[in-house]
Amino acid sequence: MSTFITTEKRTHYCGSVSIADDGREVILMGWAHRRRDHGGVIFVDLRDREGIVQIVFNPEAGQTVHGEAHRIRNEYVLAVKGTVRKRPEGMTNPALSTGQVEVVISELEILNESKTPPFSFDDEDISENIRLKYRYLDLRRPAIQQNLFLRSRLASATRHYFEENGFIEVETPFLTKSTPEGARDYLVPSRISKGMFYALPQSPQIFKQLLMVSGFDRYYQIVKCFRDEDLRADRQPEFTQIDVEMSFISEEDIMRMMEGLMARIFKACLDREISLPLPRLTYADAINRYGKDNPDLRFGMEIVDLTSIVKNSGFKLFADVSASGGVIKAVRAEQASGLSRKDLDGLTDFVAIYGAKGLAWAKVNEADWTSPIFKFLQAGEVSAINEAMAAKPGDIIFFVADTPRIVHDSLGNLRLNLAKKLNLIDPDALAFTWITEFPLMEYSESEKRYVSTHHPFTSPFLEDLSLMSTDPGKVRARAYDLVLNGSEIGGGSIRIHQKDVQSQVFSVLGLSDEEARLKFGFLLDALEYGTPPHGGLAFGLDRLTMIMTKAESIRDVIAFPKTQKAACLLSDAPSRVGIEQLMDLSLKIV
RNA sequence: GGGGUCGUAGUUAAGUUGGUUAUAACGCCGGCCUGUCACGCCGGAGGGCGCGAGUUCAAGUCUCGUCCGCUCCGCCA
């Protein structure tokens, strides 16, 4: 074989050959995307990461080259030398960015052959298990490559932004200490200390706070985090955070700095302008108006509280729910009377997922309602509801009556479901909102104690401190989430920097001084050595990339993702290990 | 842990009320073809229906179990 590759250098990417190169000799290397062999002339679409260009083998080019070109099959790896030529009249291909030109080949070297791939790279609906098993081939598909290119630009823009603003990137350990609060840890057994385990970090939370104690003042890191919890379409067991912490700052400073980051990222990656400052919503407002702490603000359809209108209603269900401390709320789907009875039954099943025992609906007419509950309501109630909902003929009102928790869950998700069904969402919209004033802790029925909403180092509102002993659920946290298009893309808080406040929080969480020492002793010690006021936040880089690429699954923005059972179909991880490895670690499988 | 859904040639799918040799398209292989670009034309190979039991004269088709993918609830400070 010749030594094309060692003596010659590639001059262009396939996708970057243009009409400006007309007449120029170029050297290209890439994969045979498709061949069209006419017996005489042979066309090959040559593909690399930048795109596709048509290369042409004419019989006149010579026996050797033409003969070799007959051997080309899909996905063969080629090196070619040839001359760029404007395509003959009427033979351009507008579907191709390089469709004005073609490259007439004078030299060819087949650098490598390829087995027939298990699936076509044009086909969009290949089952995911096949794609994941042959992920290296799946990643040849331009659509996924584009996602990863964008992800890289996102990370790059992030680094530039933080460097310009005086942040230092510091790496924190992956082999670290298991922390009891929060998600389940991935554990790594220690060989040297028998029976002991490291944990992979759920986030670098404590370490970045320690860096503030050390005086680094502004820290960031693009870092893998690990959580051993069940997966979702937007959750992987290992995922990437843009992790940030700052000293001598308040909420305002951090939120401004992060808004700047968002503006930079969207400008750099998508050339989109974000108007700042970003809107804000308190947690309580978000729940009351949208039923969720990650509301999708790309459309309206706000939840309306009807409890005061119907609490004394002749409709027993409403009256009973109200009397037992529940609420009656509703959303209005504009001009949705096209929904069939079957659709409505489907929606009832849908809200049942969130614990709702039923879903009442009312089609609004000129004078009355078409509704199973119409006959139970007085005329005054109907008109009051119509007014509260701003209902117009053709609208449908959906009611849920239950505990606040179930009502918000049901209607919050119903709102999303309806918006998709009724096409209310502009796919290009970017609806940011900060969510502020989260509760510091919530009572956990399963654990029979208060648990942190965010994490135990989150600072309470100082003016709420007196509630700590009397009504801990009412204490607000100095925490903030950033939500984009209904997805929580980041969250953080001002941290506790005084030891006595930290002790108070631990005690409400049911952690004794002794336990707290055992679990977080090193952080508590550090807090006693001149800790500056500090706070920070972390963004989910994967989720942000998902939104920016309009990916439906987090797997489409991760090169080598895991399945819902947390398995890697490519490498076959996790897998059994040999007895020797287990013995080294003093482990026994039970 | 639970709910839903899927599994039939390499791929994507079709397979009626269980009934001879399990279809199609694309891909693959061979032949022909000098302007195609989802090239075209002719011919061919390729699976026993995720796996395991069961019902039946007879099972992709019914039953049970099991595995895998996806999705949701719980979970994810």
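Just so you know, these numbers come straight off a predicted model, no measurement behind them. The figures here come from the full heavy-atom set of this structure, side chains too, leaving out hydrogens, waters and symmetry mates.
Residues A/Thr348 and A/Asp345 bring no donor and acceptor atom of their side chains to less than 3.5 Å of each other.
Closest approach to the A/Leu132 side chain among B/C70, B/U12, B/U71 is made by B/C70 (side chain taken as heavy atoms from C-beta onward). Out of B/C73, B/C70, B/C37, the shortest distance to the side chain of A/Ile353 is found at B/C73. For A/Arg35, the side-chain atoms get nearest to B/C29 when compared with the rest of B/U36, B/C29, B/G69. Relative to the side chain of A/Val41, the nucleotides B/U34, B/U11, B/C76 differ in distance, and B/U34 lies closest. If you check B/G10, B/C72, B/C37 against the side chain of A/Pro118, the one that comes closest is B/G10.
Look at A/Arg73 and you'll find a side-chain N or O under 4.0 angstrom from OP1 or OP2 of B/C29.
Within 3.5 Å, no donor on the side chain of A/Arg34 pairs with an acceptor on the base of B/C39, nor the reverse. The base of B/G74 sits within donor-acceptor range of the side chain of A/Asp230, with an N or O pair under 3.5 Å. The base of B/C76 lies close enough to the side chain of A/Arg235 for a donor and an acceptor atom to sit less than 3.5 Å apart.
One P atom belongs to B/G35, the other to B/G46, and the distance between them is 34 Å to the nearest Å.
A ring-centre distance under 6.0 Å is not found for A/His70 and A/Phe57.
When the shell of 6.0 Å around NZ of A/Lys342 is examined, it contains 12 or fewer heavy atoms from other residues, nucleotides or ligands.
In this structure, the side chain of A/His33 does not engage the main chain of A/Gly51 through any donor-acceptor pair within 3.5 Å.
Taking for each of A/Pro88 and A/Ile126 the nucleotide of RNA chain B with the nearest heavy atom, the 5'-most of the two is the partner of A/Ile126. Comparing A/Pro456 and A/Ala566, the nucleotide of RNA chain B nearest to each residue sits closer to the 5' end for A/Ala566.
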